[in-house]
Number of protein chains: 2
Amino acid sequence: MGLAKSEMFTDKQNLISSYAKVFGHPARVAILEHLFAINSCICGDLVDVIGLAQPTISQHLKELKNIGLIKGNVEGTSVCYCIHKENWTAMKATINEFLNQDINCNTDCC
Amino acid sequence: MGLAKSEMFTDKQNLISSYAKVFGHPARVAILEHLFAINSCICGDLVDVIGLAQPTISQHLKELKNIGLIKGNVEGTSVCYCIHKENWTAMKATINEFLNQDINCNTDCC
DNA sequence: TTTATTTATCGTAATATTGCAATATTATAA
DNA sequence: TTATAATATTGCAATATTACGATAAATAAA
């Protein structure tokens, strides 16, 4: 079969996994790192930097845009992409809440 | 075609995306949250808690174990699973380094 | 040993993801 | 208008993921 219904899980669980899924491909991690590194917005040279074909990069950018982590600004024939600061911060809060759960396992099994 | 070769990306990018991929399914998020919540190790009642079939849960547990975030201890006929504290902490450091990149976009495009 | 219990594995179907060639779209320049 | 340039979309093939029934493996209890 396919995927479990999202109704099986809480909104927060679905949100966390949605963010994580976006980070779950090295190309998207590389795109985001590059967007951070150049300290400025970028458009098409991601194709050269990452080493994937233009439609593939465009598709990854679309997913990043869909979840709100980047935004694109049309500038002439090109599009300038950059991190969506507010949404990135919000995402960080959600993920950190999950990652920072207390570890209190005090049984003998572990 | 298939996936991009992992050699296209840095070890760190591949590591980040590997962790993220594991978190990229709500069932695994739910399993981990439950392991944290019960403050103790657990084995088979995850099937009841999550609501997926036993082979499916076993498969998700295997992925969590493979990447090192949980460990399982055989106790009689059941297996007691729990968070692997050291590895969880190490994973957190890796992910946080990625999430906490500075946002310094000072151009007009965003 | 036989039986019951728990978990893991196998096999397979359904679905999702990834990558790219071809093409369309959009905007600028000539 | 006609090129040119940059990006997006479409269509499709290859692969990966997910889910579960059936079954195997391991252990404990009778």
Side-chain angles (χ1 to χ4, degrees), chain A residues 1-9 13-14 17-31 34-35 41-67 70-82 109-110, chain B residues 1-9 13-14 17-31 34-35 41-67 70-82 109-110:
Chain A
M1 263 246 302
L3 277 175
K5 300 218 196 94
S6 61
E7 301 89 52
M8 291 180 64
F9 306 101
Q13 287 164 346
N14 285 318
S17 61
S18 296
Y19 282 134
K21 191 178 282 187
V22 168
F23 296 137
H25 193 291
R28 289 190 288 269
V29 171
I31 288 173
H34 186 72
L35 284 177
C41 300
I42 195 66
C43 42
D45 51 5
L46 280 166
V47 173
D48 301 319
V49 173
I50 308 294
L52 290 169
Q54 181 270 322
T56 308
I57 296 292
S58 184
Q59 197 172 309
H60 284 307
L61 287 169
K62 189 179 181 182
E63 288 181 65
L64 290 168
K65 203 165 50 177
N66 280 345
I67 208 163
I70 65 172
K71 47 186 171 179
N73 228 311
V74 177
E75 293 193 352
T77 59
S78 62
V79 177
C80 180
Y81 284 104
C82 62
C109 93
C110 54
Chain B
M1 265 249 300
L3 278 174
K5 300 216 195 95
S6 62
E7 301 90 50
M8 293 181 62
F9 306 101
Q13 287 163 347
N14 284 319
S17 62
S18 295
Y19 282 133
K21 190 178 281 187
V22 167
F23 296 137
H25 194 291
R28 289 189 290 267
V29 172
I31 288 173
H34 186 71
L35 283 178
C41 301
I42 193 69
C43 44
D45 52 6
L46 281 165
V47 173
D48 302 317
V49 173
I50 309 293
L52 290 169
Q54 181 269 322
T56 308
I57 298 291
S58 185
Q59 196 171 309
H60 284 306
L61 287 170
K62 189 180 180 182
E63 289 182 63
L64 290 167
K65 203 165 50 177
N66 281 344
I67 206 162
I70 66 172
K71 48 186 172 179
N73 227 312
V74 177
E75 292 193 352
T77 61
S78 63
V79 178
C80 180
Y81 284 104
C82 62
C109 92
C110 52

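Every heavy atom of this structure was used, including side-chain atoms; hydrogens, water molecules and symmetry mates were not. Chain letters run A, B, ... following the sequence lines, proteins first and then strands; every chain starts at 1.
Residues B/Phe9 and A/Val29 have side chains not in contact (no heavy-atom distance under 4.5 Å, counting atoms from C-beta outward). Side-chain contact between A/Ile67 and A/Glu63: absent, with no pair of heavy atoms (C-beta onward) separated by less than 4.5 Å.
Atom CD1 in A/Ile57 sits roughly 16 Å away from atom P in D/dA6 (whole-Å rounding). If you measure from atom CG of A/Asn66 to atom P of C/dA16, you get 16 Å, rounded to the nearest angstrom. Rounded to whole Å, the distance from CD1 on B/Ile50 to P on D/dC20 is 12 Å. The interatomic distance linking A/Glu63 (CD) with C/dT17 (C1') rounds to 8 Å, in whole Å. Between the C1' atom of D/dT17 and the NE2 atom of B/His60 lies a distance of 9 Å, rounded to the nearest Å. Distance CD (B/Gln59) to C1' (C/dG11): 12 Å, rounded to an integer number of Å. Rounded to whole Å, atom C1' of D/dC20 lies 17 Å from atom CG of B/Leu46. One interatomic measurement links the two molecules: NZ of B/Lys21 to P of D/dT17, which rounds to 5 Å at whole-angstrom precision.
Residues satisfying the side-chain hydrogen bond (donor to acceptor under 3.5 Å, both in side chains) test with B/Gln54, not counting sequence neighbours, are none. Scored by the side-chain hydrogen bond (donor to acceptor under 3.5 Å, both in side chains) test, A/Gln59 finds no partners at all (sequence neighbours excluded). By the side-chain contact (heavy atoms from CB on, under 4.5 Å) test, A/Lys62 pairs with A/Asn66, sequence neighbours left out. The side-chain contact (heavy atoms from CB on, under 4.5 Å) check on A/Ala20 picks up B/Phe23, with sequence neighbours excluded.
Considering only side-chain atoms of A/Thr56, the nucleotide from C/dA8, D/dA19, C/dC20 that sits closest is C/dC20. Minimum atom distance to the side chain of A/Tyr81 is reached by D/dA8, of the listed D/dT18, C/dG19, D/dA8. When distances are taken from the side chain of A/Ser78 to each of D/dT17, D/dT18, D/dA6, the shortest belongs to D/dA6. With distances taken from any side-chain atom of A/Ser58 to the nucleotides C/dT9, D/dT9, D/dT18, the minimum falls on D/dT9.
Considering B/Lys71, B/His34, B/Lys65 as possible partners of B/Tyr81, the one that fulfils the side-chain contact (heavy atoms from CB on, under 4.5 Å) test is B/Lys65.
The side chain of A/His25 contributes no N or O atom lying less than 4.0 Å from OP1 or OP2 of D/dA16. One finds no side-chain N or O of A/Lys62 lying less than 4.0 angstrom from the OP1 or OP2 phosphate oxygen of D/dA8.
The residue among A/Gly51 and B/Lys65 whose nearest nucleotide of DNA chain C is located toward the 5' end is B/Lys65.
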- Indicate for each nucleotide in nucleotides 21-30 of chain D, in 5' to 3' sequence, whether protein heavy atoms under 4.0 Å reach the base (B), only the sugar-phosphate (S), or nothing (-). BB----BS--
